[in-house]
Amino acid sequence: MTTATRRSRLIVRAATLADIPAINRVVQNTYPNLDDYTFDELRGQINNFPAGQLVAVYEDTVVGYCATLCLPEVQVMANHTWAQITGNGYGSTHDTDGDYLYGYEICVDPAARGLRIGQRLYREREALCMKLGLKGIVFSGRLPGLKRRFKRFGSAEAYVEAVKDKQIRDSVLSFQLNQGYELLGVQENYLPADTASMGYGAHLLWRNPEYHQPEDVAGDSHVHLQRRNRVRIATVQYGQRAIDSFDEFAQIVTYFVQETADAKADFVVFPELFTVQLLSIKNEELRHRAAIQRLADFCDEFRELMADLAVKFNINIIAGSHPTWVGKDLQNIAYIYLRDGSEHLQPKIHPTPGERHYWNIVGGDSLNAIETDCGPIGVLVCYDSEFPELSRHLADQGINILFVPFSTEDRNGHLRVRYSAHARAVENQIYVATSGNVGNLPRIHAMDLHYGQSAIITPCDFAFARDGIAADTTPNVEMVAIADVRVDLLHEARTTGSVQNMLDRRHDLYHVQWKPRRRALKGAKAR
């Protein structure tokens, strides 16, 4: 079982004709001083290039729109006006043999700002460009601060250079440059109706780092339009120390989420039971079973916090694990929050002997791949990583990345998880990201000492890091490790690598057979 609670969802998908009234409303709200599109123009944009028009939808309401078309290199690099390049807003100039994706609209409803919707649209547009195998993205962006600063700089060219050099900030151009776009120059009379920009446009380019031949994506309107080939993972090695309130805990967690989101990570992973820190608020001397049950009381607050952070910072969060009541059973459950607002649960299948004896933790019985905008992933909590059948079951479901939140009190325990993670990466030809606790919590029985060295682990072959480690941390130091991993290298390794573990399995001799579940996680709750 994965999804347990219906929460607000923020998705990006292909626009449909039925979205036209809502798109028109967003455009009007975003640009009250500019002419809005007619329904006919919007209909033309969608019909001329269905895969290139995107909408962001939050709580079933369209809150953002992005319009693109494909054009030859000679056309997008030459001087042009908005009307020329777009066929007067109809998108009728779309060329299926074009070299570049041309962006001619991105707008976000002002009422929905603060959810990084613009960033989401930019990233989905980049993913579409990579999927189509185009050379890059070109557009001319607005310069809303130009008119009021023109006297100071004397020209549009001088103004954009000052923005580029970070001497001043332009609300649009600065954002675009921070997204990795290159400034090609300034285009005069690009959009005369844009008086704040004095009709000028900043000519910008994003180069596709994975340029390849086009692939057909006709009809693709998946919730997450395109899966990224390059995925950025951040693992938090979390320092346990006493705190005074849940708000203090929230501030610490928010810091890590915000910093990794600002580093443009697609995923951030926290350790198993890192929420044990909450028991230090009252600093009571609780015995084992009373302590874990007290920790379970924080479940609702914890889930609400992590769900909000995933949407707010536009990042997928593997939120470690937290003790949770499922009916009359107490389970150690990993929580996963995707940036579209959805929540997924993964119970620990194998409680350790200590968890069973001291805490009366019961193992779960569901294990499912989780669909994300970066492809399917799996989560195994600590001890579960030491059972190869589990990761094989997830690999059979198509995962490319396995996340392993763990918590160990000594080096021996840590190395069991670490060596197992390397084995899982080799035998399934996947990436494995581990995240552990460090530091001490006096008076918290069975969770007072911690030892960890978190890592992002790769298969061992020529295409990957020499030691099978994309990034790791210093043992027992609170820190973050970040690495980029490429999904295409996994596919190459599985078919043409030095060894081909996935292909060479003896299906005639063995397989993993998952038995029906005894119960569902729908009963997961705090009590």
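In this chain, residues are counted from 1 in sequence order. Side-chain atoms are counted along with the backbone in the values below, which use heavy atoms only and exclude waters and symmetry mates.
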Do V12 and L121 have side chains that get closer than 4.5 Å, going by heavy atoms? yes
For R116 against A261, the heavy-atom pair lying closest together: NH1-CB, 4.1 Å
Only one of Y100, Y102, Y181, W82 passes ring pair (Phe, Tyr, Trp, His ring centres under 6.0 Å) with F139; say which it is. Y181
Between L338 and A310 the two heavy atoms that sit nearest each other are O-CB, 3.8 Å
Kindly say whether G239 contributes a backbone atom to a donor-acceptor pair with the side chain of E478 at under 3.5 angstrom? yes
Please assess S342 against D340 for the test side chain to side chain donor-acceptor pair (under 3.5 Å), listing each intermediate value before the final yes or no. CA-CA 6 Å; S342 60; D340 64 6; 2.7 Å; yes
So, does H491 use its side chain to make a donor-acceptor pair with the main chain of L489 at under 3.5 Å? no
Does any donor atom in the side chain of Y37 or Q28 lie under 3.5 Å from an acceptor atom in the other side chain? no
Say whether, by atom type as modelled, one donor and one acceptor occur between the side chain of E272 and the main chain of S321 under 3.5 angstrom. no
CD1 of I23 to CG of D36: how many Å apart, nearest 0.5 Å? 12.5 Å
Could you tell me whether a side-chain N or O of S454 sits under 3.5 Å from a main-chain N or O of G436, the two making a donor and an acceptor? yes
Please tell me if the side chains of E304 and D308 come closer than 4.5 Å, counting only heavy atoms from C-beta onward. yes
Is the distance between the ring centroids of F150 and Y200 under 6.0 Å? no
Can a side-chain donor-acceptor contact be found between H203 and S140 if the only test is distance below 3.5 angstrom? no
Answer with yes or no whether the side chains of D170 and Y159 bring together a donor and an acceptor at under 3.5 Å. yes
Backbone N or O of A470 within a donor-acceptor pair of the T458 side chain at under 3.5 Å? no
Across all chains, not counting sequence neighbours, the salt bridge (Lys or Arg N to Asp or Glu O under 4.0 Å) partners of K135 are E73
D461 side-chain N/O to A463 backbone N/O, donor-acceptor pair under 3.5 Å: no
Heavy-atom donor-acceptor pair, Q187 side chain to A202 backbone, under 3.5 Å: no
Answer yes if the side chains of Q237 and T473 hold a donor-acceptor pair under 3.5 Å, and no otherwise. yes
For the pair Q53 (side chain) and A15 (backbone), establish whether a donor and an acceptor sit closer than 3.5 Å, ignoring hydrogens and angles. no
How about R207: does its CZ atom have over 12 heavy atoms from other parts shown lying under 6.0 Å from it? no
Taking all non-hydrogen atoms of both residues, which atom of T260 and which atom of I315 are closest, and how far apart? OG1-CD1, 3.6 Å
Correct closest heavy-atom pair for I457 and G468 would be CG2-O, 3.3 Å
Pair N229, M130 - check side chain to side chain contact (heavy atoms under 4.5 Å, CB included), show working. CA-CA 9 Å; N229 179 43; M130 290 188 283; 5.7 Å; no
Dump the intermediate steps for side chain to side chain contact (heavy atoms under 4.5 Å, CB included) on Y431 and L402, then the final yes or no. CA-CA 6 Å; Y431 298 110; L402 175 65; over 6 Å; no
For the residue pair Q176 / Y122, report whether a side-chain donor-acceptor contact shorter than 3.5 Å exists. yes
Relative to each other, are the rings of F270 and F256 parallel, tilted or perpendicular (30° and 60° limits)? perpendicular
State, yes or no, whether a side-chain contact exists between R120 and R339 at a heavy-atom distance under 4.5 Å. yes
Could you check whether N33 and D194, counting side-chain N and O atoms only, form a donor-acceptor pair closer than 3.5 Å? no
Student check: side-chain heavy atoms of L490 and P459 closer than 4.5 Å: yes
For P144 against S171, the heavy-atom pair lying closest together: CG-OG, 3.4 Å
Indicate whether any N or O donor in one side chain lies under 3.5 Å from an N or O acceptor in the other, for S245 and D247. no
Quick one: salt bridge (Lys or Arg N to Asp or Glu O under 4.0 Å) partners of R25, sequence neighbours excluded? D109
Could you walk me through whether R123 and D373 pass the salt bridge (charged side-chain N to carboxylate O under 4.0 Å, His left out) test, one step at a time? CA-CA 11 Å; R123 295 186 72 172; D373 58 344; over 6 Å; no
Tell me the closest heavy-atom pair linking G201 and Y190, and the distance in Å. N-CB, 3.9 Å
Worked verdict on V27 versus T30 for side chain to side chain contact (heavy atoms under 4.5 Å, CB included): CA-CA 5 Å; V27 175; T30 306; 5.8 Å; no
If we ignore hydrogens and angles and just use 3.5 Å, is the side chain of T434 paired with the main-chain N or O of A455 as donor and acceptor? yes
Approximate separation, where rounding is to 0.5 Å, of N314 CG and D262 CG: 11.0 Å
Against the six-membered ring of F464, is R486 placed for a cation-pi contact (under 6.0 Å from the centre, within 45° of the normal)? no
For D40 and Y90, what are the C-alpha separation, side-chain angles and deciding distance, and is it a side chain to side chain contact (heavy atoms under 4.5 Å, CB included)? CA-CA 8 Å; D40 288 344; Y90 283 85; 4.0 Å; yes
Sequence neighbours excluded, the answer for salt bridge (Lys or Arg N to Asp or Glu O under 4.0 Å) partners of R494 is none
Indicate the ring-plane relationship of Y337 and Y335, choosing parallel, tilted or perpendicular according to the 30° and 60° boundaries. parallel
Is a side-chain N or O of Q75 found less than 3.5 angstrom from the main chain of I85, in a donor-acceptor match? no
